[in-house]
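The next block holds one structure in the form of structure tokens; read it before the comments.
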Amino acid sequence: MRRLSVLCTLAVTLAACLPAAAQADPANNPAVGLEQDYDPAPAMWRLSDDDTTIYLLGTVHLLPDGFRWRNPQLDTIIDEVDALVLESSDADADASMEQLGPKMAKLSSERRPTSLQLSPAVRERWRQVVELTGQPFEIVDNTPLIVALMGFGLGGHDVGLSSYEHGVETVLAAQFEDSGRPILSIEDTGRVMMSIYLIDDALILPDLERDLYTWDGTMGTEFFADEDAAPDDSAWQMEHDWARGEVQDDIDFGMGDTKLAVVFKRVLLSNRNRRWAQWLDNRLDSPGSILVAVGAGHFEGAGSLLDMLEARGLEAVRINQPAQ
């Protein structure tokens, strides 16, 4: 898979830090690969001291309707904890983006348009790609390149059969709202977005040039996911692995060992994990119990949230085993 096609799916994975959910065409057989012949057990950990218990649940933000991920152990924890903690809340995100919006607009206005950073031979192809997205060319051309490419893959709030409506956080938030319990957030969304805005265009331009040269002018190639591809038995492998409670040794954005991959992992994973570990350490000073539900990718690979907690002298203990 080309690096740029990976970037074009990252808009829906910013918080989750996982590949976008598999895309399947309902006109084909949407049930292919979705059958679950196991009892779900998504990975969970417990961080605690004498008077505080923090449960950590790795999540997937977008899921297909009917995909099972609940189990009696998790349901008991959900019923018993005092509050839910998510990566960010809608209210916090709106406030953060309102505050940082002018700064992001200033960054866009001061940068050299992408078309002028590209060689003359591919500038018209860049315009064609942008026009296929249905977005205004002048806005996209002046947007930091990595943000623009992520926007190509956004396509609304749903990805194939998966949607935020059925994602873990949405389901949990509705349950906690119904019970009148607090829903908190662990980070400032605007800070994350600003970090992405500041990623150097130069890390991406060579790949964009290369892909524009070889692009055949259709949607289902380097720049756009092929939504008409028929699903197969592996179409939902990521979701099944997560629901079974498997934790990967590393998380791969599909960019290899490039400078961009290093920067992206730092921005989306290690920097955030370090801040979250400090938040959790401070939270241990407050008695009670909470459920922290954040993207499963934050628990995988070097620099994971678990590693950052360990660096602070804290141990999060796995409280369940992968499904058989």
Are any non-hydrogen side-chain atoms of [X] and [Y] less than 4.5 angstrom apart?
{"X": "Asn71", "Y": "Pro42", "result": "yes"}
{"X": "Trp69", "Y": "Val60", "result": "no"}
{"X": "Pro206", "Y": "Glu209", "result": "no"}
{"X": "Ile183", "Y": "Gln175", "result": "no"}
{"X": "Gln128", "Y": "Trp215", "result": "yes"}
{"X": "Trp242", "Y": "Val168", "result": "yes"}
{"X": "Met44", "Y": "Ile77", "result": "yes"}
{"X": "Asp51", "Y": "Asp49", "result": "yes"}

Whether [X] side chain and [Y] backbone form a donor-acceptor pair below 3.5 Å:
{"X": "Arg111", "Y": "Thr143", "result": "yes"}
{"X": "Asn142", "Y": "Glu138", "result": "yes"}
{"X": "Thr59", "Y": "Ala296", "result": "no"}
{"X": "Asp75", "Y": "Arg70", "result": "no"}
{"X": "Thr170", "Y": "His166", "result": "no"}
{"X": "Asp241", "Y": "Glu246", "result": "no"}
{"X": "Asp201", "Y": "Leu145", "result": "yes"}

With Glu131 via side chain to side chain contact (heavy atoms under 4.5 Å, CB included) - residues at least two apart: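 Partners of Glu131 by the side chain to side chain contact (heavy atoms under 4.5 Å, CB included) criterion, ordered by chain and then number, come out as Arg127.
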Over 12 non-hydrogen atoms of neighbours within 6.0 angstrom of CG in Asp249: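 Open.
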Residues, nucleotides or ligands: over 12 heavy atoms within 6.0 Å of Gln321 CD: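 It does not: Gln321 CD has 12 such atoms or fewer within range.
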Counterpart residues, ring pair (Phe, Tyr, Trp, His ring centres under 6.0 Å), relative to Tyr213 (two or more places apart):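 For Tyr213 there are no ring pair (Phe, Tyr, Trp, His ring centres under 6.0 Å) partners, ignoring immediate neighbours.
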Close aromatic pair by centroid cut-off 6.0 Å: Trp45 and Phe299: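 Trp45 vs Phe299: aromatic centres under 6.0 Å.
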Hydrophobic clusters here meaning ILVMFWY residues chained together by side-chain heavy-atom distances under 4.5 Å, can you tell me if [X] and [Y] are in one?
{"X": "Val292", "Y": "Met308", "value": "no"}
{"X": "Ile204", "Y": "Ile139", "value": "no"}
{"X": "Leu118", "Y": "Leu132", "value": "yes"}

Strictly by modelled atom types, are [X] and [Y] linked by a side-chain donor-acceptor pair under 3.5 Å?
{"X": "Arg318", "Y": "Asn320", "answer": "yes"}
{"X": "His240", "Y": "Gln36", "answer": "no"}
{"X": "Ser289", "Y": "Glu80", "answer": "no"}

Nearest 0.5 Å please: distance from the [atom1] atom of [X] over to the [atom2] atom of [Y].
{"X": "Ile319", "Y": "Arg46", "atom1": "CD1", "atom2": "CZ", "value": "6.0 Å"}
{"X": "Leu284", "Y": "Ser48", "atom1": "CG", "atom2": "OG", "value": "8.0 Å"}
{"X": "Ser119", "Y": "Trp126", "atom1": "OG", "atom2": "CH2", "value": "13.0 Å"}
{"X": "Ser162", "Y": "Glu239", "atom1": "OG", "atom2": "CD", "value": "5.5 Å"}
{"X": "Thr52", "Y": "Asp285", "atom1": "OG1", "atom2": "CG", "value": "7.5 Å"}

Mutual orientation of the aromatic rings belonging to Trp276 and His298 [parallel < 30°, tilted 30-60°, perpendicular > 60°]: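 The arrangement is tilted - the two ring planes meet at 30° to 60°.
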